2 protein chains.
Amino acid sequence: MDDRKQKVLLAIVHDYIKTAEPVGSRTIARKYQLGVSPATIRNEMSDLEEQGFIEQPYTSAGRIPSERGYRYYVDFLMRKQELSKEEEELIRREYEVKVRDVGQVIQKTGQLLSQLTHYTAMVLPPRIGISNIKHIQIVYMHQSQAMVIAVMDNGTVQHRLIEIPESITALDMETISKVLNAKLQGQAMKSIKLTLIKDIYYELARHRNLLDLVMELVQESLTLEFEDKIYLGGVFNMLNQPEFRNVEKIKTMLSIMEQEKLLCDLLEGGAGDEGVTVRIGGEIDQLDIKECSMITAPYSIRGRKMGFIGVLGPTRMEYAKVISVVDYMTKHLSQTLEQMIRGRKK
Amino acid sequence: MDDRKQKVLLAIVHDYIKTAEPVGSRTIARKYQLGVSPATIRNEMSDLEEQGFIEQPYTSAGRIPSERGYRYYVDFLMRKQELSKEEEELIRREYEVKVRDVGQVIQKTGQLLSQLTHYTAMVLPPRIGISNIKHIQIVYMHQSQAMVIAVMDNGTVQHRLIEIPESITALDMETISKVLNAKLQGQAMKSIKLTLIKDIYYELARHRNLLDLVMELVQESLTLEFEDKIYLGGVFNMLNQPEFRNVEKIKTMLSIMEQEKLLCDLLEGGAGDEGVTVRIGGEIDQLDIKECSMITAPYSIRGRKMGFIGVLGPTRMEYAKVISVVDYMTKHLSQTLEQMIRGRKK
DNA sequence: TTTAGCACTCAATAGAGTAGAGTGCTAACA
DNA sequence: TGTTAGCACTCTACTCTATTGAGTGCTAAA
């Protein structure tokens, strides 16, 4: 692909991202100084179309980038775009106030992502399956009920009400808490194996009843990993995009947004181990939202991948901008979380 | 208002609720056996319009109920509509599985509400401000950080990471936990007064530093009451309503849905102390969502009002149906929550 | 290789006409 | 006096038909 063709493609992508209207040869000649006439540009466009980088919605309309065109743009033509001073300032300021626990950080991240990009943001909170138990506590509520609380070292807290046999006293529970703490502290939810459970059983044979219930909680927390909550921000930003002028599209869009499970898969599915991943249109294979692109990236705490953040927008997305925002935010998020949970030992 | 006028109004309300089209005199004569000709009905309609119960979108269209018309319908004409056996069965079944903690119950309630009514459901979880502290625990995370956990007797758990001076040991914290529990157990967050705090201060003069932070949490939990989370269900149900054919309306609608604070006010604002409240159109004064009605009701645990549930739909709403669903759900919700937190002493 | 010119295509817009639902009025009827 | 049939009138929604304009592709000349 020669230099001038690249320039033409770049012009088409830029203009279409900005206006959402098919771009004609004349517009390019007028707005982007290439030093050639519209006729020449038409010839180039004809070639580009043959190679599959651009397409025509109908005969005698302007051209729009194809998915392949966007891909080429993202891979070769796009120039990196740093965040502005104001934006960085905004992020810094927002993270400073009122973010006391992990949940709030996650939520704020979603908010910022959507605010900065004007698209829909998705954030997957730190997965508990791969974090370690810091403390387990059983709180007596009344004669047939107790609350099991597990504090994880990523700063989250799991809790559940359980039924207990009436024969068990508050004192019993304290004993159980102690043993559980001794055995489970520092263990990852995932790594709690049968041997360990047997070990605890042995030590607490007397309290087998209660123990069954507690272990059930532990087990369930593990499965919870897969039905994790996901934080969305700016869903209705998407409605400002001209591609959502028609109500049917909005409906499919929103019904997708209500399926948390699907979104989690979407977010986890494509992202690589490190760095920002861009998926354009059909490259998101799980789903048939047409004309959408996703930009995702994992964030980590102390080098361990803990979750994902992502932005969903139309294929006609401001890739350069969104990529740098996502990149910047993962780093900032990792940093904020690390600061918050400073105590973690490697 | 004489009997026949009521019948005509009822016919108009029913038909408009069903079809979302202005209702003409002929339609009424055909579909609702009133035993009179369209001309007579026209005369009645003319009167009804003069009295403000119905209106015409434009000359020579059919009539639609005015807000006053809906109000009259709800107050005097509407017949109570019981839930079907299938619906009751559905509710029972859904509450049985996988509702282990209060959060899940709340979420499930929202889901059911929207599923049964086909409108948007909102649920305000039990307010912590008016619930009592069951247990306070401080968990040591590492040398400069601790997690404060408060278990409330309504089955919710509050938690927060706090910074602690390095001089404080894990043992210190256990002492503090003990004293806090002794003093705060059974107290409502709201009722924690200065005298009580002084009392604790006195007893724990040595640990004043840490105490400051813990009390701050308690204080903040109190303010949290006002920025409570709200659970929404079936937001996109609304899009199936024909009044949301145009995109602008969808946008205002959704942007309202994203403002949690506003929704909480909305939910709390109009509801009375007991029973179902219906607000029609302009009667929802906080807001300028036009053409919407809200049906709300408080739910309680052991006779104490703990939160609200509500349904938001177009003014052209199936009032009879929604009212009975909301009514039924508050009762069922109260019951489920009471069962779950059985231990509460009056 | 580039450019100007020109015929052709197609969506979007605007206008005109038509159909249909519904009203209000009047006069006749029970 | 209340009810009804008849009829002229109103207004929206829909269809059909130009018209406009942006844009292309091709050809021939520079």
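Model, not experiment: these values are computed from the prediction. In what follows, chains are A, B, ... by sequence order, proteins preceding strands, each numbered from 1.
Remark: side-chain polar atoms of B:T117 are paired, donor with acceptor, to backbone N or O of B:L113 under 3.5 angstrom. In this structure, the side chain of A:S324 engages the main chain of A:Q81 through a donor-acceptor pair within 3.5 Å. B:E88 places no side-chain N or O within 3.5 Å of a backbone atom of B:K85 that could act as its donor or acceptor partner.
Within residues 41-57 of chain B, the residues that place at least one heavy atom under 4.0 Å from DNA chain D are, in residue-number order, B:R42, B:N43.
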Output side-chain donor-acceptor pairs under 3.5 Å for residues 62-69 of chain B, partner residues at least two apart or in another chain, one line each.
unit_1 : atom_1 : unit_2 : atom_2 : d
B:R63  : NE     : B:E49  : OE1    : 2.9
B:R63  : NH2    : B:E49  : OE1    : 2.8
B:S66  : OG     : B:G52  : O      : 2.6
B:S66  : OG     : B:F53  : O      : 3.0
B:S66  : OG     : B:R68  : N      : 3.3
B:S66  : OG     : B:G69  : N      : 3.1
B:E67  : OE1    : B:G282 : N      : 3.1
B:E67  : OE2    : B:G282 : N      : 3.2
B:R68  : NH1    : B:Q51  : O      : 2.5

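Taking 4.0 angstrom as the limit, A:S25 places a side-chain polar atom (N or O) nearer than this to OP1 or OP2 of D:dT24.
Within the structure, salt bridge (Lys or Arg N to Asp or Glu O under 4.0 Å) pairs that include any residue of residues 308-330 of chain B comprise B:E87-B:K321, B:E243-B:R316, B:D327-B:K331 (at least two apart or interchain). Pairs of residues two or more places apart, or lying in two chains, that qualify as salt bridge (Lys or Arg N to Asp or Glu O under 4.0 Å) and include a residue from residues 21-35 of chain A are A:D15-A:K31.
Side-chain contact, A:Q241 with A:Y119: no donor N or O sits under 3.5 Å from an acceptor N or O. No hydrogens or angles considered: a donor-acceptor pair under 3.5 Å links the side chains of B:S293 and B:Y319.
When the nucleotides D:dT4, C:dG24, C:dT3 are ranked by their closest atom to the side chain of B:R63, C:dG24 comes out on top.
No side-chain heavy atom of A:V13 sits less than 4.5 Å from a side-chain heavy atom of A:L77.
For the pair B:I64 CD1 and C:dA21 C1', the interatomic distance rounds to 16 Å; values are reported in whole Å.
A distance of 8.0 Å separates CD1 in A:I250 from CG in B:L254, rounded to the nearest 0.5 Å.
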Please produce a list of atom pairs where a protein N or O lies less than 3.5 Å from an N or O of nucleotides 26-30 of chain C.
none

Could you list all N or O pairs between the protein and nucleotides 11-22 of chain D that sit under 3.5 Å apart?
unit_1 : atom_1 : unit_2 : atom_2 : d
D:dC11 : O4'    : B:S60  : OG     : 3.3

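Among the protein residues, B:A39 comes within range of the nucleic acid bases, having at least one heavy atom under 4.0 Å from a base atom.
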